[in-house]
Each structure stands twice: as structure tokens, then as C-alpha cells.
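Everything on this sheet refers to the single structure shown next.
Residue indices begin at 1 and follow the sequence shown.
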Amino acid sequence: TARLSSSPYTTSLIQIPTTNSQDFKINLLGTNAVTIDSSTRNFGIGTTSPGYKLDVQGQIRLKSVNHQVIFHDTDSGVDEWSITTYGNTG
């Protein structure tokens, strides 16, 4: 079984897998915070079953000095999308 580390005062825990069929999980106050799928190595934030290398359930914030985010398709190496914002974006 997975090793669990938890506090007797909260419902938070860290699950460290001891076999390939178990996932690494961090649960904070009864809510899943992070999951790493042991078979796919997908990383999930706010989800227990991440379907992508980075799978986020909810809103995310990306912050960059130059206000630019670039998405690049590494499979074909051709497609590239860029989002650039100007001014105060919060």
C-alpha cells in the first residue's frame, strides 16, 4: 500500500506510491491539490485523473515580464501560437 503522511489535526495528507499502480497525491484539508499519474507521468492540479502532461482544473495565472505566452506544437515542430498583451493586465 501507499505510504501516507498526515496530521491528526487536519484531513491533509501526502500519498507516496510504493508500486507503479499508485499515484502520488497531495490532499489539503480534504480537497485534492496535486496528483502525478504513475503510469503516464501526467501532472494534475485540482484533478485526480490528469489527462495531459499538465492538467489544471480551474483558473491559472501565467505571468511574464514581457507579457508573452508561446504555445509550440513539439510533435510537428511547425505550429506555434503566441499571445502578447500590452499594458496593465492584472
Side-chain angles (χ1 to χ4, degrees):
T1 63
R3 294 185 307 148
L4 301 178
S5 175
S6 62
S7 165
Y9 306 106
T10 68
T11 55
S12 300
L13 63 87
I14 297 174
Q15 177 177 308
I16 301 171
T18 56
T19 69
N20 288 340
S21 63
Q22 298 167 332
D23 298 333
F24 175 88
K25 295 182 180 185
I26 298 176
N27 187 299
L28 299 175
L29 301 174
T31 302
N32 181 66
V34 172
T35 299
I36 301 175
D37 186 293
S38 62
S39 61
T40 63
R41 305 294 191 253
N42 290 347
F43 187 94
I45 300 174
T47 177
T48 57
S49 55
Y52 301 92
K53 289 299 173 194
L54 176 60
D55 196 343
V56 178
Q57 177 65 38
Q59 295 180 341
I60 64 169
R61 178 180 181 192
L62 300 172
K63 191 169 183 178
S64 173
V65 174
N66 63 1
H67 302 283
Q68 186 175 29
V69 178
I70 298 173
F71 300 93
H72 182 74
D73 181 352
T74 58
D75 291 337
S76 68
V78 175
D79 299 297
E80 186 172 290
W81 295 83
S82 178
I83 300 172
T84 304
T85 61
Y86 299 96
N88 186 359
T89 60

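The shortest distance between side-chain heavy atoms of Ile45 and Ile60 does not fall below 4.5 Å. Residues Thr35 and Phe43 have side chains not in contact (no heavy-atom distance under 4.5 Å, counting atoms from C-beta outward).
Side chain of Lys53 to backbone of Thr40: a donor-acceptor contact under 3.5 angstrom is found. The closest donor-acceptor contact from the side chain of Asp37 to the backbone of Ser39 lies under 3.5 Å. Judged by distance alone, with hydrogens and angles left aside, the side-chain atoms of Thr47 form no donor-acceptor pair with the main-chain N or O of Gln57 at under 3.5 Å. In terms of modelled atom types and a separation under 3.5 Å, the side chain of Gln22 and the main chain of Ile16 share no donor-acceptor contact.
Residue Asn42 holds its CG atom at 10.0 Å from CD1 of Ile36, rounded to the nearest 0.5 Å. From Lys25, atom NZ reaches atom CG of Asn32 across 6.5 Å, with rounding to the nearest 0.5 Å.
Remark: of the listed residues Val34, Asp23, Asp55, Asp55 is the sole one forming a side-chain contact (heavy atoms from CB on, under 4.5 Å) with Pro50. Under the side-chain contact (heavy atoms from CB on, under 4.5 Å) rule, Ser12 has a single partner from Asn27, Leu29, Thr31, which is Leu29.
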